**Student:** 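The structure's right below; bear with me while I get my questions together.
Each chain gets a letter, A, B and so on, in the order the sequences are listed, and its residues count up from 1. Not measured: the values here are computed from a predicted model.
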Amino acid sequence: MIVELTQTWYLVLAALIFAIGATGLVIRRNPLVMFMCVELMLNAVNLTFVSFGNMLDDVGGQVFVFFVLVVAAAEVAVGLALVVAITRRRQGATADDLSLMRG
Amino acid sequence: MRVEMFVFVVSGAICVAGALGVVLFRNPVHNALSLVATLFGVAVLFVAQGAYFLAAIQVIVYAGAIVVLFLFVIMLLGVDQDDDVRFEPIPGIRIAAVIVGISLLGMSLIALLSSPDVVTGAPSALAPLDPATPDVNRIGAALFTDYIYAFEITAVLLTIAVVGAVMLSRQSPEVPLDTEEFPDGTMASELAIRREETSVADSVDTDGPEPADAEIAADAAGSE
Amino acid sequence: MELVWLIPALPLLAFLILIPFGRKLSDPGAGWFATLLVGGSFAVSAAVYLELMSRPADDRVVHQVLFTWIPAGDFSVDIGFLADPVSITMALFITGIGALIHMYSVGYMKGDPKYSKFFTYLSLFVASMLVLVLADNLLLTFLGWEGVGACSYLLISFWFNEEANATAGKKAFVTNRIGDFGFMVGTFLLWMTIGTINYVDIPERLGGITELTATAIVLLFFLGATGKSAQLPLFVWLPDAMAGPTPVSALIHAATMVTSGIFLLTRLEPLLFQAPIAGEVIAWVGLATALVAALAAVAQNDIKKVLAYSTISQLGYMFLALGSGAIVAGMYHMITHAFFKALLFLGSGSIIRSMSHEQDMRLYGRLRKYLPITSITFILGWLAIAGIPPFSGFWSKDEVLAAAYSSENLGVLKWGIGILVALLTAFYMTRLVIMTFFGPKENWRDPEKLEEIGVASSFDDSDPSADAEAHHLEPSHTPKESPWTMTVPLVVLATLATVAGILNLPFADRFKSLEIWLEPVLTHSHEAPVATTLFILAGVAIVAAVLGVIAAYFVYQKQKIPAERIEKPALVHALYINDTYAEVVAGPGTAVFQGIADFDATMVDGAVNGVAKVTTDAGNGLKPLQSGLVRTYALTLSAGAVLLLGYVVMRMSF
């Protein structure tokens, strides 16, 4: 039996990657790895954008991936700068150590 | 159809394996390399869906630039040791995370598979995916017409990000270690078990004057 | 005539400029600047007056609408000015006397540390008063009404370092609130009944109004008038208002603001004639006030308090005229009174200043030779208010009394009480003049008397910031005549007080210029009694005035009768009306207010604090959620996404 490959499969895959990313974001304490998990989630979303674009026969989905890429790049640049700044002052700091803003 | 199925299954497996690697490997370098695997898999899926331009961008920007940036930072900070995963300062958060992650997936799957039409948008609201025109042309046309303001704003965003990154990572020797910003000790007892060498380094940092300051003081003393 | 708006705008400009630059202009720049702009306002008023005069009698109205102030459905209020004979007459004497008093204040306030602030308030007062009289609707009048009230408060408690002064200001303010309540409810009722509060429209729409409604409206506005114009039962604030600087007493509490009640009823004159009962009430209240205040004035020793009670009494005359339907007589007496009472107050200010700010007349005496200009002008004012022909007060007072005589109900009785008041007026004014300028000796030379009275004097119109010793009257003190800035207004006002009678002479219709001038605005004209009656009435009035003067001469100059037999304690305390209020408010009143305060503290504050407490507690309860741990945030975010997806699934399945 051959299962027909539909766009839904792409969406299911994207959901899987997204869920893994979200779980990883919560589990990991290293801020660098947490950023990577965020990238995973963003990629999952990108995949859905392209799939939806194909389903609707619209180029808009691909254009949005472009914007997500730009935002991801900006986010990584700032986020890694933050990690550098924090680690420079405090070796081995994890995300849990940065709780100065607690209520 | 078989080829497409084959491509999907193989690249999908690479994606999921990479994603699991990102979450499960302890060493940040391994995490980054797993991330590359996922990114390549997604790029292949982009190709499979006819988004050639995006696939290229994905490889160049994500795999080429962003992951390299990650690795660069890892090496710069010297944090390429394994993370300590034995201790969890927030009790129960791992189980909660797994539960939430599985229910997130489960809900998504229910939503996706139980309904015949997943998509509710209007078909081809912007421009059709006409195979006759290269997708670069189509994306370019959309970007510089309908999305021109968004495009310009992303330019501003990138500039701000660059300026912000420079500001954050610039080292200013005049500013001494801010002990108020990172109160020493309190957090250690509450939250984190820290490696011995780290606490030693911390106490040295907080107690003694900055090396730069000491130099300046020595210079001043010498000139007198 | 597009200049009408300039009349209030110029003093307002003075106010606005003096706020930031008053200190820089300082002494006397700020004073002269304000004087100049108020004088400019007088010039504009005169120009508008001449313009109106050149028009035919039935076209003497300039209605200038600047813009819509409050557009709210059916209810629309404009910022509009109505210059007709009534309002322009008011504007003329407000700006004229206002300019003179500004000039007087340049000298009087010299050296005061809050010099520029005084003129800031005074200019704002003139602007508000002009808005009050020139407004084309009741709401804008109310704006001016409250504006003058606020300025009155600020100026009464101008020297607020002394608690008595601050208290007097508060008393005036609170008492006027009661009157303002009447004004507001009257306005609401008028709008509900006839659907307009615009003076131009009121006469046309009065057709359907019932007498009962008209009476209620007029009485409510009269309640407002009793507050502002210090009539029974709300007159108690005016004697205390004398705590303010003397020019303020002259301008606000004698010449202008206190007449706004009369002006208001004049404006509502069409309504007044729909409510004969209300007119009767107004006449009797005015008469009673005139009598009570005249009796109280007989026994006061503070020179300004005598004049304050005198003002209340004269205002009572004006209300008597209005209540008797003689609008013109009321306006006439208001104008002449503005002249001679402003003169008397300014004269008293000149005396007080020359006597080291001592206000007790028992320490005066034989000041005639020290203060030549002040004494001559003051004596002219005295003759005017005492009702001695041919000075202005005689003519206007006579017209009021004639109107009372010819009114329908108990006219003769009203006239009789009016004559009694006239006699008392002549008596207490003569008493004042004798005690101040004549009398047997110079009382402040007597150290014992100085000691005894100087301490006991009711309040001190002194400048607290200066050295207290500087204001202490010494037996060796030699009074000096005031500077020219103060005497020039005295001379001008004395001239006006002397000759202002020609505005409306009763001999023939063509001499009644004020009546001819005001007549087109008024819907009803008042029939004067026949000439022979008029002459008899005038004769009796003259006899009463002369009797009063002679009686006072024998008591205070010749001292044939001891003054104590006349100055009974009841009179000193103005029949204890003020004290009764104080008792009521202090006893049961305080209990009621305490109850209200308790309600406020428990219920109102409880509700407010309860809301605050719920918010605070909720915040404290939720505080642990903000752990500062970014991973918990991520977890919560993911859980939220799960919930959202759950909602989507639910919607899909149902």
Side-chain angles (χ1 to χ4, degrees), chain A residues 5 8-13 15-17 19-24 26-30 32-33 36-37 39-40 43 46-47 50-60 62-63 65-67 69-74 76-78 80-85 87-92 94 96-97, chain B residues 4-5 8 12 15-16 19-20 22-23 28 31 35 38 42 45-46 49 51 54 57 61 66 69 73-74 77 83 89 93-94 97-98 101 104-105 108-109 112 118-119 121 123-129 138-139 142-143 147 154 157-158 161 164-165 168-169 177 182 187 191-192 195 198 201:
Chain A
L5 177 68
T8 309
W9 286 106
Y10 289 99
L11 297 178
V12 169
L13 177 65
L16 189 56
I17 300 174
I20 293 171
T23 314
V26 180
I27 288 178
R28 298 304 296 258
R29 284 187 289 149
N30 188 333
L32 277 167
V33 181
M36 290 179 205
C37 292
E39 297 305 322
L40 276 183
N43 264 283
N46 282 352
L47 196 55
V50 172
S51 302
F52 283 134
N54 269 0
M55 288 159 122
L56 290 170
D57 189 24
D58 196 330
V59 80
Q62 299 192 11
V63 174
V65 173
F66 187 85
F67 286 122
L69 271 167
V70 174
V71 173
V76 166
V78 177
L80 290 183
L82 274 171
V83 171
V84 168
T87 316
R88 188 180 285 151
R89 299 194 173 185
R90 178 94 169 256
Q91 275 289 321
T94 68
D96 293 339
D97 298 335
Chain B
E4 286 178 8
M5 193 66 192
F8 175 79
C15 280
V16 173
L20 288 172
V22 170
V23 177
N31 295 134
L35 180 63
T38 306
V42 171
L45 291 174
F46 281 174
Q49 296 192 80
L54 286 185
I57 295 274
V61 175
I66 292 181
L69 193 59
V73 170
I74 291 166
L77 299 175
D83 283 352
I93 197 165
R94 288 187 190 172
V98 172
L104 197 60
L105 179 64
S108 310
L109 290 185
L112 281 172
V118 179
V119 186
S124 194
L126 189 63
L129 286 171
R138 279 180 269 125
I139 292 175
L143 266 185
Y147 290 100
T154 53
L157 177 74
L158 284 172
L168 283 170
S169 54
L177 188 73
F182 295 107
M187 222 89 67
L191 296 172
R195 295 186 200 98
T198 317

**Student:** Under a 4.5 Å heavy-atom cutoff, which of Val76(A), Asn46(A), Val50(A) has the most pairs with chain B?
**Tutor:**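 Option with the top pair count is Val50(A).
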
**Student:** Verify side-chain contact (heavy atoms from CB on, under 4.5 Å) between Tyr147(B) and Phe67(A), making sure each step is shown before the conclusion.
**Tutor:** CA-CA 10 Å; Tyr147(B) 290 100; Phe67(A) 286 122; 3.9 Å; yes

**Student:** Pick from Leu157(B), Ile93(B), Val73(B), Ile57(B): which one has the most heavy-atom pairs with chain A under 4.5 Å?
**Tutor:**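 Heavy-atom pairs under 4.5 Å are most numerous for Val73(B).
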
**Student:** Show your working on side-chain contact (heavy atoms from CB on, under 4.5 Å) between Leu45(B) and Trp9(A) and close with a plain yes or no.
**Tutor:** CA-CA 11 Å; Leu45(B) 291 174; Trp9(A) 286 106; over 6 Å; no

**Student:** Using a 3.5 Å distance criterion without hydrogens, assess whether the side chain of Thr38(B) forms a donor-acceptor pair with backbone atoms of Ala19(B).
**Tutor:**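 Yes, Thr38(B) side chain to Ala19(B) backbone: donor-acceptor pair under 3.5 Å.
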
**Student:** Could you tell me which of Ala22(A), Gly53(A), Ser51(A), Gly24(A) has the largest number of non-hydrogen atom pairs under 4.5 Å with chain B?
**Tutor:**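 Between Ala22(A), Gly53(A), Ser51(A), Gly24(A), the count favours Ser51(A).
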
**Student:** Given heavy-atom pairs under 4.5 angstrom as the criterion, report whether the side chain, backbone, both or neither of Leu109(B) touches chain A.
**Tutor:**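 For Leu109(B), side-chain heavy atoms alone lie under 4.5 Å from chain A.
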
**Student:** Is it the side chain or the backbone of Thr154(B) that comes within 4.5 Å of chain A heavy atoms, both, or neither?
**Tutor:**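 Both parts, backbone and side chain.
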
**Student:** Using non-hydrogen atoms and a 4.5 Å limit, figure out which bit of Leu13(A) sits close to chain B: side chain, backbone, both or neither.
**Tutor:**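 Side chain of Leu13(A) only, per the 4.5 Å heavy-atom cut-off to chain B.
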
**Student:** Could you look at Ala15(A) and say if it's the side chain, the backbone, both or neither that has a heavy atom under 4.5 Å from chain B?
**Tutor:** both

**Student:** Can you tell me which portion of Ile139(B) sits under 4.5 Å from chain A's heavy atoms? Options are side chain, backbone, both or neither.
**Tutor:**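 Contact with chain A: backbone and side chain both.
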
**Student:** Between Ile17(A), Leu16(A), Val71(A), Val83(A), which has the largest tally of heavy atom pairs under 4.5 Å with chain B?
**Tutor:**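 Going by pairs under 4.5 Å, I would pick Leu16(A).
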
**Student:** Can you tell which of Val65(A), Val26(A), Leu40(A) has the highest number of heavy-atom pairs within less than 4.5 Å of chain B?
**Tutor:** Leu40(A)

**Student:** So which atom in Ala19(A) and which in Gly101(B) form the shortest heavy-atom distance, rounded to 0.1 Å?
**Tutor:** CB-O, 3.6 Å

**Student:** Hey, what do you get for CZ (Phe52(A)) to CD (Gln62(A)), rounding to the nearest 0.5 Å?
**Tutor:**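 It is 14.5 Å, given to the nearest 0.5 Å.
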
**Student:** Taking only residues two or more places apart in sequence or in another chain, which ones pass ring-ring contact (aromatic ring centres under 6.0 Å, His included) with Phe8(B)?
**Tutor:**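 Scan of Phe8(B) (ring-ring contact (aromatic ring centres under 6.0 Å, His included), adjacent residues dropped) gives Tyr10(A).
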
**Student:** Count the heavy-atom pairs under 4.5 Å between each of Val12(A), Asn54(A), Leu82(A) and chain B, then report the option with the highest count.
**Tutor:** Asn54(A)

**Student:** State which residues pass side chain to side chain donor-acceptor pair (under 3.5 Å) with Glu39(A); sequence neighbours excluded, sorted by chain then number.
**Tutor:** Tyr62(B)

**Student:** Among Val84(A), Ile27(A), Val78(A), which residue forms the greatest number of heavy-atom pairs with chain B at distances under 4.5 Å?
**Tutor:**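 Answer, by heavy-atom pair count under 4.5 Å with chain B: Val84(A).
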
**Student:** Hey, could you give me the CG/CE distance between Asn43(A) and Met36(A), rounded to the nearest 0.5 Å?
**Tutor:** 13.5 Å

**Student:** Please evaluate residues Asn31(B) and Arg28(A) with respect to the criterion side-chain contact (heavy atoms from CB on, under 4.5 Å), reporting the C-alpha separation (whole Å), side-chain torsions for both, the decisive distance (0.1 Å), and the verdict.
**Tutor:** CA-CA 11 Å; Asn31(B) 295 134; Arg28(A) 298 304 296 258; 3.7 Å; yes

**Student:** Can you tell which of Leu158(B), Leu54(B), Leu104(B) has the highest number of heavy-atom pairs within less than 4.5 Å of chain A?
**Tutor:**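 Option with the top pair count is Leu54(B).
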
**Student:** Under a 4.5 Å heavy-atom cut-off, does chain A meet the side chain of Leu35(B), its backbone, both or neither?
**Tutor:**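 Looking at Leu35(B), just its side chain touches chain A.
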
